[in-house]
Number of protein chains: 2
Amino acid sequence: MNSAADKRVTLADVAKLAGVSKQTVSRVVNGSEHVTEDTRTRVLQCIDTLGFRPSALARQLSTGRSQTIGVVSNGGQGYLVSGVAYLGMVRQADKMGYALLIKEMTDFSSGSIRTMLDYLIERQVDGVIWAGPEIGDSHAWLDTFDAASLPMPLVAINAKPRPGVDTVSFDNFEAGRVATRHLLSLGRKNIGHIAGPTNRWVSQQRVEGWKAALAEAGTSEMARNVVEGDWDVHTGGPGLRRLLEICPKLDAVFVGSDRMAIGVLAEAHKLGLRVPEDLAVMGVDNLPESAYLIPPLTSMTQDTPRMAEVALRLLVRRICERRGEPYPEACAIPENPLLTHDLVVRQSTLCGKLASK
Amino acid sequence: MNSAADKRVTLADVAKLAGVSKQTVSRVVNGSEHVTEDTRTRVLQCIDTLGFRPSALARQLSTGRSQTIGVVSNGGQGYLVSGVAYLGMVRQADKMGYALLIKEMTDFSSGSIRTMLDYLIERQVDGVIWAGPEIGDSHAWLDTFDAASLPMPLVAINAKPRPGVDTVSFDNFEAGRVATRHLLSLGRKNIGHIAGPTNRWVSQQRVEGWKAALAEAGTSEMARNVVEGDWDVHTGGPGLRRLLEICPKLDAVFVGSDRMAIGVLAEAHKLGLRVPEDLAVMGVDNLPESAYLIPPLTSMTQDTPRMAEVALRLLVRRICERRGEPYPEACAIPENPLLTHDLVVRQSTLCGKLASK
DNA sequence: CTGAAAGCGCTTACAG
DNA sequence: CTGAAAGCGCTTACAG
């Protein structure tokens, strides 16, 4: 009898049963204080017997806020962003009372971007996280983006900081520099770098960091020892082989991702190169698995869930600001924060001798 | 001037400018045929000049459909489900014109479940994917679940099939059996199993499959060689050590996840056990990395994105059925399908001699 | 082909 | 403390 097939129970139904106005029921539902304890309990009871569930849709339409944040990603390529980062976002969104509306983009033509933004506007999301990785000129539209042209605030993650656009990214330049310095500090003389795709902002920054470290050490000639991978494990091996062609005396390699580094370790093993004695290897990401590789992999920890969290908080801050409301303390995020990686040294770069220098 | 701060442009605004009724504008927006080419172009032009974006919210309220599917997950534990599976869902949802509303649960008390369902009802999602892994009695509520009590259909993934509840899962029993048969076929006599958490349905099924294979082979005495892990890489090593205590002559191990298998490989290496000569090792998941481990890992491929896709299609089918509408061909999914894993044999179980038997 | 009316289920001022 | 009215922006019959 109380089946879902029945018509939806509305505020009006409750009001009628309780013998009050919709108004009053609304007050009870929203916890207004201006209701007698008497009527409140009566209304609550009617809500219960009728199994009333307020329609969020209707509320959203009248209040103009959807308590929803749109997340635009590109699933195919952003492995980490799509997986681990979601966890950070979902959790944070939940805490702040927002739901996440997930959308995916497959190309970044200006038409597709317009369509996506229009969709989000139609859905009236309260804010947008632009989570697609910056590939080529995929984010070029942000260069001329006028924040005021969008009815809701937008925060980009893992993209190049731009004036007028909120961005939460890792300091990939610094990551490249710290990694390279580490290999230099081991006394390695022929270091190579297997970068991520060269059209990625993240990769480019890491390459710049690597160059900077080499320059600091007066060894800029190594800068040509760079090959391109695609982040994925299967490009690690071929990357190593190409590096060995460029630089046969290669004795260390800074790999752009732990997954490619796994490929490098496999290839080194196949080639009979001892790690770290003959070849020091390090990656970026510090996957849970990395500590258990053979040998355990030195890496740069990248706290992706944290990036997602910070982005969400910043977004909520912007949402509140636009509405002229105070924002929660937790949302006091600095402008365009650059999150840092941490170096975790393990056996793949640490051979007894050199380490204890 | 056309800033977003301005009031929202509505159907009425367009109607006024075009000198027609809201009605007609609505027809144009929704591509109705009963509009003169003349008025259509005029209206379209007005839409363009005004930058009109129809409010999905308002449409949803009047049509009663949100074109949104609620996905309930539990981020902390469902690494794969939360990451890779989302990609399959998002993609499929997009194709079928739905957006995904992501929610996370941290506990499975009946109160939390009720709250979550109420939330989804309030949001008026068109359907629900229940994606939390089945842990202990987390899904017990489904045993007495009356589908008609929910205003929208629900599909559970990776859970025990139950009468009256749509479920899309892997055939983990068969996976356990196939894996164990593989190790038996190699001539191994002392096989062990590192299971996932014993309170997980998935783990239990695999253990049952493993027992079944042993029974078939008349070697049920091996069935006691089971220890529990938590799916994660760090429990692989300890798992192996405990197995060696139980069964010092251990010569093969069926590991419940590739990530734990990575831990096992690391531990075996540390103990001086040769893989596969002394110890054959295999996992489940067939991660991209697994082919590049040392040695390359035999595994059972688990197409998680496909599970997500299938679940979404089945859900869309149910949504259409409830409304008495025909459903897309792609949604003709069988009831409670069990997806299968594929055995991928690699070096970690394949030593020359035994393999060529 | 086109339009006036009523309704989706809430909330926001405004009175009492 | 409580209620009648108008409105959020669209769509669904019903007429013409």
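Order of the sequence lines sets the chain letters (A, B, ...), proteins ahead of strands, with each chain counted from 1.
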How long is the line joining [atom1] of [X] and [atom2] of [N], in whole Å?
| X | N | atom1 | atom2 | answer |
| --- | --- | --- | --- | --- |
| L61(A) | dC10(C) | CG | C1' | 8 Å |
| D13(B) | dC8(D) | CG | P | 10 Å |
| K16(B) | dC10(D) | NZ | P | 14 Å |
| R42(A) | dT2(D) | CZ | C1' | 11 Å |
| L50(A) | dG9(C) | CG | P | 13 Å |

Applying side chain to side chain donor-acceptor pair (under 3.5 Å), can you list everything that pairs with [X], at least two apart in sequence or on another chain?
| X | answer |
| --- | --- |
| Y327(A) | none |
| E321(B) | R317(B), R318(B) |
| D137(B) | none |

message: Closer than 3.5 angstrom, by distance alone: can the side chain of T36(A) be matched with the main-chain N or O of T39(A) as a donor-acceptor pair?
response: no

task: Assess whether side-chain hydrogen bond (donor to acceptor under 3.5 Å, both in side chains) is satisfied between T68(B) and R123(A), documenting all intermediate values.
output: CA-CA 11 Å; T68(B) 304; R123(A) 282 277 184 160; 2.6 Å; yes

Salt bridge (Lys or Arg N to Asp or Glu O under 4.0 Å) partners of R313(B), counting only residues at least two apart: E309(B)

For [X] and [N], is the shortest distance between a side-chain N/O and OP1 or OP2 below 4.0 Å?
| X | N | result |
| --- | --- | --- |
| S21(B) | dT2(C) | no |
| T39(B) | dC1(C) | no |
| T24(B) | dG3(C) | yes |

[X] and [Y] ion-paired at < 4.0 Å:
| X | Y | answer |
| --- | --- | --- |
| E335(B) | R162(B) | no |
| K103(B) | E122(B) | no |
| R323(B) | D126(B) | yes |

field: Pairing annotation in dot-bracket form, given for DNA chain D with Watson-Crick or G-U pairs under 3.5 Å and | for cross-strand partners
entry: |||.||||||||.|||

task: Indicate, with a heavy-atom threshold strictly under 4.0 Å, whether R53(A) touches base, sugar-phosphate, or nothing.
output: sugar-phosphate

Just the atom pairs and distances: protein N or O near nucleotides 11-13 of chain C's N or O, under 3.5 Å.
{"residue": "dT11(C)", "atom": "OP1", "partner": "N30(A)", "partner atom": "ND2", "Å": "3.1"}
{"residue": "dT11(C)", "atom": "OP1", "partner": "R59(A)", "partner atom": "NE", "Å": "2.8"}
{"residue": "dT11(C)", "atom": "OP2", "partner": "S26(A)", "partner atom": "OG", "Å": "2.5"}
{"residue": "dT11(C)", "atom": "OP2", "partner": "N30(A)", "partner atom": "ND2", "Å": "3.4"}
{"residue": "dT11(C)", "atom": "O4'", "partner": "S62(A)", "partner atom": "OG", "Å": "3.1"}
{"residue": "dT12(C)", "atom": "O4", "partner": "Q23(A)", "partner atom": "NE2", "Å": "2.6"}
{"residue": "dA13(C)", "atom": "N6", "partner": "Q23(A)", "partner atom": "NE2", "Å": "2.6"}

- request: When you get a sec, tell me which of dA4(D), dG9(C), dC10(D) is the closest nucleotide to the side chain of T10(B)?
  value: dC10(D)

